[in-house]
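Notes follow once the structure below has been shown.
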Amino acid sequence: MAVPSRGRTSEIVSFLYHCSLHVGILKKTASSGFLLLPSSSAQCWILLYVNGIYYIFYFLATLAMIIYKSQVFSYPDDFLAPDLAVLFLLAILEVLRLYLGFKGNLTEAEAPLGLSLGLTVGSVVLCVYLLLWQTYVLWADVLLNALLLSAYGLESGLKVMAIAAFVS
């Protein structure tokens with residue numbers, strides 16, 4: 001078995017050090033070795049990012065469907081305003097939820113991730129409203145909301161695991 005030369009070993013260590021900026025922190029130990037400390041949850045970050053992009057699509061599609069339903073169906077004016085208000089309130093909650101999720105995950109802080117998890121509960125309630133109690137529910141509404149609720153579930157599980165990792 002070939003033993004790597006001193007130059008090759010330092011290249012490997014240098015490569016690992018630079019990679020650790022994204023996945024962890026390398027810390028020099030007293031015994032001249034390196035210790036890889038855990039970092040933020042990459043899976044949680046990716047899901048937050050994908051969910052942010054999906055929510056833009058979700059918001060625009062749901063808004064377009066509400067406009068469509070108000071033009072095609074006899075949509076009572078008294079019910080149009082609450083449906084739009086719920087959609088815009090969900091958008092505000094989503095921005096706060098994603099911001100706190102990114103901030104908590106990247107800074108490895110439990111409080112922002114916990115707040116983001118709490119806002120997820122509010123987002124789920126508003127999403128269920130749009131899924132079940134909206135004036136008219138199309139099959140596209142069901143599909144979009146089911147995908148959003150699934151993403152919320154996956155994201156919540158990853159947030160709980162990230163909080164547990166940050167605390168320990």
Please list all pairs passing the salt bridge (Lys or Arg N to Asp or Glu O under 4.0 Å) test where one or both residues lie in residues 46-56, with sequence neighbours left out. none
Would you indicate whether the side-chain heavy atoms of Tyr58 and Asn145 approach each other to under 4.5 Å? yes
Residues passing the salt bridge (charged side-chain N to carboxylate O under 4.0 Å, His left out) test with Asp141, sequence neighbours excluded, are Lys69
Partners of Tyr49 by ring-ring contact (aromatic ring centres under 6.0 Å, His included), sequence neighbours excluded? Trp45
For residues 124-135, which residue pairs pass the salt bridge (Lys or Arg N to Asp or Glu O under 4.0 Å) check, not counting sequence neighbours? none
Going by the rule ring-ring contact (aromatic ring centres under 6.0 Å, His included), which residues pair with Tyr129 if we only count those two or more places apart in sequence or in a different chain? none
In chain order, what residues pass the side-chain contact (heavy atoms from CB on, under 4.5 Å) check against Ala146, with sequence neighbours excluded? none
In the hydrophobic clustering (ILVMFWY, side-chain contacts below 4.5 Å, transitive), which residues join Val121, or is it alone? none
What pairs of donor and acceptor atoms, side-chain ones from residues 87-95 against any protein atom, are under 3.5 angstrom apart with sequence neighbours left out?
unit_1 : atom_1 : unit_2 : atom_2 : d
Glu94  : OE1    : Arg97  : NE     : 3.4
Glu94  : OE1    : Tyr152 : OH     : 2.7
Glu94  : OE2    : Arg97  : NH2    : 2.6

Please find the pair of heavy atoms, one from Asn51 and one from Ala151, that lie closest to each other, and give the distance. OD1-CB, 4.0 Å
Are Val137 and Leu132 side-chain neighbours, meaning at least one heavy-atom pair lies under 4.5 Å? no
Go through the structure and list residues passing ring-ring contact (aromatic ring centres under 6.0 Å, His included) with Tyr136, not counting sequence neighbours. Phe73, Tyr75
Shared-cluster residues of Leu158, by chain and number - hydrophobic side chains joined below 4.5 Å: Leu47, Leu154, Met161
Residue pairs passing the salt bridge (Lys or Arg N to Asp or Glu O under 4.0 Å) test where at least one lies in residues 44-60, sequence neighbours excluded: none
Partner residues of Phe79 under the side-chain contact (heavy atoms from CB on, under 4.5 Å) criterion, sequence neighbours left out: Pro76, Thr135
